[in-house]
Novice: 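Next up is a structure, given as structure tokens.
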Amino acid sequence: MSLQLEARQEGEVRVLVLEGELDAQTVGPFDKEMEGCLARGEVRIVLDCRGLAFIASAGLGVLMGVLGPVQQAGGTIVLAGVQAEVRRTFDLLDFSSLFPFADSLGEALRLAAPAGGQG
Amino acid sequence: MSLQLEARQEGEVRVLVLEGELDAQTVGPFDKEMEGCLARGEVRIVLDCRGLAFIASAGLGVLMGVLGPVQQAGGTIVLAGVQAEVRRTFDLLDFSSLFPFADSLGEALRLAAPAGGQG
Amino acid sequence: MPGVRAVRFSLPADLAYLEVARRFLAVLGDKSGLSPSEVHDIQLVVTEAMTNVIEHGYGPRVDDGAAVDLQFEVTDDLLVLLLCDTAPEAFDGAGPEVDLERYRAERKVGGLGLHLMRRLFDEVGFMRDEAGVNTVRLVRQVRRQS
Amino acid sequence: MPGVRAVRFSLPADLAYLEVARRFLAVLGDKSGLSPSEVHDIQLVVTEAMTNVIEHGYGPRVDDGAAVDLQFEVTDDLLVLLLCDTAPEAFDGAGPEVDLERYRAERKVGGLGLHLMRRLFDEVGFMRDEAGVNTVRLVRQVRRQS
Ligand SMILES: Nc1ncnc2c1ncn2[C@@H]1O[C@H](COP(=O)(O)OP(=O)(O)O)[C@@H](O)[C@H]1O
Ligand SMILES: Nc1ncnc2c1ncn2[C@@H]1O[C@H](COP(=O)(O)OP(=O)(O)O)[C@@H](O)[C@H]1O
């Protein structure tokens, strides 16, 4: 299993569901998906991380790589339901301030929607 | 953890609850408990195996060691709620016919009680 | 179908590590796509072989650095397990077949471990090389999750 | 409190085995009485170090038998991890500190792995011996489950 990836559209928001563990072995499909969003101009992104148990720097590298372009295009990347251990990795790299974290998927969708966090 | 052992009396039946894994490392307390039962004449024994995930030959050796004396004293050893993998080890050694297996603890208690399996 | 290239691990020659061996084997079996019941058989056989190495091979006066080395490999249709130790005692696998009747009459006679190993694996070999390394080699056809 | 005498394991130098390494470390951490968060830190650091050995040390032309050897040891209050490989490339751990600003501006620049290793462990040492064995040595105080 390692990493399961699922994408769906919710109004103007692209939702990516991550389940499993994100490391250099499993990061490929996630990278491709994020680059695809960027290429298609789908820059309001929610990552549903409730099922994500682990993230290595390879996963953070992808996120950091797309964050700038996403923001320049007026978009955002909201992280929903991040588990404590995944959050810890963001904290260790001082990356937590760069992303909105939402406890629930609903809150994340509100933050990512046009009227929401990017106001 | 490895093996948790709990003993209690239910009427005339001694109930031993086994939780975890029974191997050469963890068999000591179980051996002692069974020998204690035998010494005290508590020969109507139910082993509650619902939480027992693994048994090695060391555990079966103890059982086989006490079975004869227990039966000679008019007693019985009933196995309750044995998981498939533990049962498999009994089967592999052709020991399954030597013990009454009960699906539930209630059935095991009936089989072990004076009016039960030992008639 | 996934295989597992040779993975080796080395555990202290101490019964307290039987459980660690089983957990490691569960990880490797899972990675190889083996069924839970196949994983159980592997755990059982390795528990028996490792117990024997510790109890009979090294014995009670085992020194602190003594280890049991395991190798796990799954190819397309073959599972190969190797257990290596440097116990002074050589063992060729010979011994009386287990006798169920004796088991009932006497108390705690041995022989169940080897019986299980032979019952569950197609090949159960014992070797000792010139360097004093003892190897138990266990081979069987892979039965995968359907 | 339980410790763990040195346990070693050897995995193929293949990113597909990062997950196996993490599962093994979870077993050993659990056996050593480490807290889940301590186990996570160990998994993270080993994932980073092993990824580097595979991607930078061995590189894309790695041969099939190449391995990464891990050793895990917990004494009373010290956790020592060793990662050994025989990659041709020597590495001394030198490199620019990670720059968060550059990270925002550029895309996928490196340096996060080493940063995490240094952030989480008291000692992060890189060595290469005459036999061509590279060792990463990671040491930190144990934080146990309360
Ligand atoms: N690794 C070994 N080194 C030395 N002797 C062994 C080894 N494995 C098995 N034996 C011998 O074979 C006998 C049978 O082993 P086994 O079937 O596992 O039963 P048990 O260990 O309960 O006696 C042991 O009692 C021991 O004398
Ligand atoms: N084991 C190694 N062998 C050779 N070079 C290495 C090794 N580990 C790290 N490096 C070098 O150090 C750099 C920084 O590593 P790291 O912080 O993990 O980031 P990344 O791997 O994402 O580049 C790598 O890009 C590589 O050049």
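Here is how names work: the chains are called A, B, and so on, in the same order as the sequence lines, proteins then strands, and each is numbered from 1.
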Novice: Is D:A16 in contact with chain C via its backbone, its side chain, both, or neither, using a 4.5 Å heavy-atom distance?
Specialist: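 When you check distances to chain C, atoms from both the backbone and side chain of D:A16 fall under 4.5 Å.
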Novice: Taking ring pair (Phe, Tyr, Trp, His ring centres under 6.0 Å) as the cut-off, I'd like each qualifying pair that reaches into residues 73-92 of chain C, sequence neighbours left out, listed once.
Specialist: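 Counting only pairs at least two positions apart or across chains, the ring pair (Phe, Tyr, Trp, His ring centres under 6.0 Å) contacts touching residues 73-92 of chain C are C:F91-C:F126.
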Novice: Ring pair (Phe, Tyr, Trp, His ring centres under 6.0 Å): which pairs involve residues 66-85 of chain D, sequence neighbours left out?
Specialist: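 Qualifying pairs, neighbours excluded: none.
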Novice: Could you list every donor-acceptor pair linking chain C to chain D (distance under 3.5 Å, backbone and side chains)?
Specialist:
unit_1	atom_1	unit_2	atom_2	d
C:R5	N	D:Y17	OH	3.0
C:R5	NH1	D:D14	OD2	3.0
C:R5	NH2	D:D64	O	2.8
C:R8	N	D:S10	O	3.1
C:R8	O	D:S10	N	2.7
C:S10	N	D:R8	O	2.7
C:S10	O	D:R8	N	3.1
C:D14	OD2	D:R5	NH1	3.0
C:A16	O	D:K31	NZ	3.2
C:Y17	OH	D:R5	N	3.0
C:K31	NZ	D:A16	O	3.2
C:D64	O	D:R5	NH2	2.8

Novice: Please rank D:A26, D:A6, D:G65, D:P12 by heavy-atom pairs under 4.5 Å with chain C and give me the top one.
Specialist: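 Maximum pair count with chain C is reached by D:P12.
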Novice: With sequence neighbours excluded, what pairs up with D:F121 under the ring pair (Phe, Tyr, Trp, His ring centres under 6.0 Å) test?
Specialist: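 Not a single residue meets the ring pair (Phe, Tyr, Trp, His ring centres under 6.0 Å) criterion with D:F121.
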Novice: Do C:F9 and D:L70 pass the side chain to side chain contact (heavy atoms under 4.5 Å, CB included) test, and can you show the C-alpha distance, the side-chain angles, and the key distance before you say yes or no?
Specialist: CA-CA 9 Å; C:F9 52 93; D:L70 275 116; over 6 Å; no
